[in-house]
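Side-chain atoms are counted along with the backbone in the values below, which use heavy atoms only and exclude waters and symmetry mates.
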Amino acid sequence: MRTVAVVGASLAGLSAARSLRKQGYDGRLVVIGDELHRPYDRPPLSKEFLAGTLGEADLSLETDDEDLRAEWLLGARAAGLDRTERAVRLADGREVRADGIVIATGAVARTLPGSEGLAGVHTLRTLDDARALRDELAGGGRLVVIGGGFIGAEVASTAYALGLDVTVVEAAPTPLAGPLGATMGDVVSALHMDHGVRLLCGVGVKGLSGERRVDAVLLEDGRSIPGDIVVVGVGARPCVEWLEGSGVELDNGVKCGADGRTSLAGVVAVGDCANWYDPRAGAHRRVEHWTGARERPDAAIATLLAGGAVEPGVPRPPYFWSDQYGVKIQFAGHAAAADSVTIEAGAADDRDVLAVYRRAGVPVAVLGMNQPRLFTRWRKQLAATSS
């Protein structure tokens, strides 16, 4: 291969570029990113950066002496992929021709219909999002978070520490029931009530009120929740529209094998936009976690450089963490695969707990709250039994 184009300049794209050089690729390397920023770390955006304890320089994912010998095209949005010409078309009319292509375009935060142009309404996905929200939170007031998932919970926790009046609205009966299951989702989401943050569950959002600036969130049950600032944390959608008609198969993102290979030869996908096949589950899963974006590019690049001739391995069980109200939450595996969950250490009421999820007696997931050492041992055991 003479040229490889990495489309996406966040963690997954940077990891792919690093892996290319690490695995011996010495040809032309082009990294395309739609943001103007160099690669930065996203997890702190909802926590330390939002709280003002971490600066922008601290978010950098690159070391001072790192040189990937890459051409960086930043502020350049991918608009199409021409499989005949092997070219990535950019929104500004340029084209990047490449023998190998890594799709790492990530995902974009979902918005609330009707909120466009209304001041005080935020999503949190990018550095620019975090800058804008941080400036608003500094003024204090009433914050309503729509969505009780991890991003919403972290923003609520940060805003609470900053002294804001916080309400979290979650449409599901139990927040985090999807990733953690109903039992432990209830335990983790109780952190909000422990700290006096209002949590309203089982009710959807009808809309927002306000002329130029939001002043309340309107619920489907008729209630109105006053708010000076609203954060919409209702998930993200993969950025794959630019691939329509390219021949790359799409299904909840880019549909991939267990090694990141796509339906087009010489094209692999990694990160939040990649729907990888999971041999353990016998199904495809799109993993939107930092660890996956860091680890999986190694396998995808090995596949790309070998022309698909390598045997795909079994990806490690997905792992993610969250910091809320001073509690470190860690999770590995798939809760949906479990038929039971047991507390192995600590106590749920103390928010200091290690819970193991099993299916037919075999561990399939593990959750830790302020149990880092024990969690690490169980995570290693889970990886061993899953491989």
Side-chain angles (χ1 to χ4, degrees), residues 10-11 34-61 106-170 175 191-192 195-200 205 207-218 225-237 239 272 288 290 321-326:
S10 193
L11 175 61
D34 62 350
E35 293 187 63
L36 289 170
H37 309 294
R38 300 284 294 196
Y40 59 88
D41 209 14
R42 294 185 191 274
L45 295 181
S46 56
K47 301 183 284 287
E48 298 93 341
F49 182 81
L50 204 59
T53 60
L54 204 66
E56 292 188 19
D58 301 310
L59 299 175
S60 176
L61 288 170
V108 63
R110 297 184 186 278
T111 58
L112 196 66
S115 64
E116 300 83 1
L118 196 59
V121 182
H122 300 262
T123 56
L124 182 55
R125 183 79 186 182
T126 68
L127 175 57
D128 291 337
D129 292 340
R131 286 171 172 169
L133 180 56
R134 183 184 60 182
D135 290 345
E136 292 240 48
L137 293 182
R142 299 164 299 181
L143 169 69
V144 181
V145 178
I146 301 174
F150 285 106
I151 290 294
E154 290 172 359
V155 170
S157 171
T158 302
Y160 162 81
L162 291 172
L164 279 80
D165 179 86
V166 183
T167 300
V168 178
V169 179
E170 169 58 48
L191 286 167
H192 295 301
H195 294 80
V197 171
R198 288 181 295 278
L199 177 61
L200 307 179
V205 172
L208 305 176
S209 72
E211 295 185 4
R212 296 181 179 177
R213 184 178 180 88
V214 67
D215 58 32
V217 174
L218 308 178
I225 310 301
D228 307 299
I229 308 167
V230 172
V231 173
V232 181
V234 292
R237 59 175 178 79
C239 297
D272 291 0
E288 296 184 49
W290 189 96
W321 75 92
S322 178
D323 297 299
Q324 302 172 27
Y325 305 101

ask   = Sub-3.5 Å donor-acceptor pair from the side chain of R142 to the main-chain atoms of I225, do we have one?
value = no

key: D58 side chain vs G55 backbone, donor-acceptor pair below 3.5 Å   = yes

request  = Not counting sequence neighbours, which residues clear side chain to side chain donor-acceptor pair (under 3.5 Å) with H195? List them please.
outcome  = none

task = Could you pull out the closest heavy-atom pair between D128 and H37, with the gap in Å?
result = OD1-NE2, 3.1 Å

message = Are the side chains of L112 and V205 in contact, using a 4.5 Å heavy-atom criterion?
response = yes

request  = I would like to know whether F49 and D41 meet side chain to side chain contact (heavy atoms under 4.5 Å, CB included); could you show each step before the answer?
outcome  = CA-CA 10 Å; F49 182 81; D41 209 14; over 6 Å; no

request  = Can you see which heavy atom on S157 is nearest to which on Y325, and at what distance?
outcome  = OG-N, 2.7 Å

inquiry  = Let me confirm one number: the CG-CG distance from D129 to L45, rounded to the nearest 0.5 Å.
reply    = 8.5 Å

query = Taking C-beta and beyond as the side chain, do L54 and L59 meet within less than 4.5 Å on heavy atoms?
reply = yes

request  = List in chain and number order the residues that pass side chain to side chain donor-acceptor pair (under 3.5 Å) with R42, two or more places apart in sequence or in another chain; answer none if no residue qualifies.
outcome  = S10, E35, Y40

Contact summary for E136 and G120, nearest pair of heavy atoms = OE2-CA, 3.4 Å

remark   = Here the pair of heavy atoms bringing Q324 nearest to S322 is NE2-OG, 3.0 Å

inquiry  = So, using side chain to side chain donor-acceptor pair (under 3.5 Å) as the criterion, who are the partners of T158 when residues are at least two apart?
reply    = none

key: Atom pair CG/CD of L118 and E211 - distance to nearest 0.5 Å   = 10.0 Å

request  = Could you tell me whether the side chain of L143 reaches within less than 4.5 Å of the side chain of V155, counting heavy atoms only?
outcome  = yes

ask   = CZ of R38 to CD of E56: how many Å apart, nearest 0.5 Å?
value = 15.0 Å

note = Which of L200, V168, V169, L208 passes side-chain contact (heavy atoms from CB on, under 4.5 Å) with V144? Answer is V169

ask   = From T123 OG1 over to I151 CD1, what is the distance, rounded to the nearest 0.5 angstrom?
value = 10.5 Å

ask   = Between I229 and L164, is a side chain to side chain contact (heavy atoms under 4.5 Å, CB included) present by the stated rule, with each step listed?
value = CA-CA 10 Å; I229 308 167; L164 279 80; 4.2 Å; yes

request  = Provide the closest heavy-atom pair for R125 versus A107 in the form atom of the first, atom of the second, distance.
outcome  = NE-O, 3.1 Å

Residue pair V232, T111: steps toward the side chain to side chain contact (heavy atoms under 4.5 Å, CB included) verdict = CA-CA 7 Å; V232 181; T111 58; 5.8 Å; no

note = The reported gap from OG1 in T126 to CG in L124 (rounded to nearest 0.5 angstrom) is 7.5 Å

message = By the ring pair (Phe, Tyr, Trp, His ring centres under 6.0 Å) test, which pairs, at least two apart or in different chains, include something from residues 127-158?
response = F150-F320

ask   = Under the salt bridge (charged side-chain N to carboxylate O under 4.0 Å, His left out) rule, what pairs show up with a residue in residues 150-162, not counting sequence neighbours?
value = K47-E154

ask   = Quick one: CG on D228 to CG on D165, what's the gap to the nearest 0.5 Å?
value = 9.0 Å

Closest non-hydrogen atom pair, E170 against G149 = OE1-N, 4.2 Å

Which residues share a side-chain contact (heavy atoms from CB on, under 4.5 Å) with S209, sequence neighbours left out = D215, A216, L218

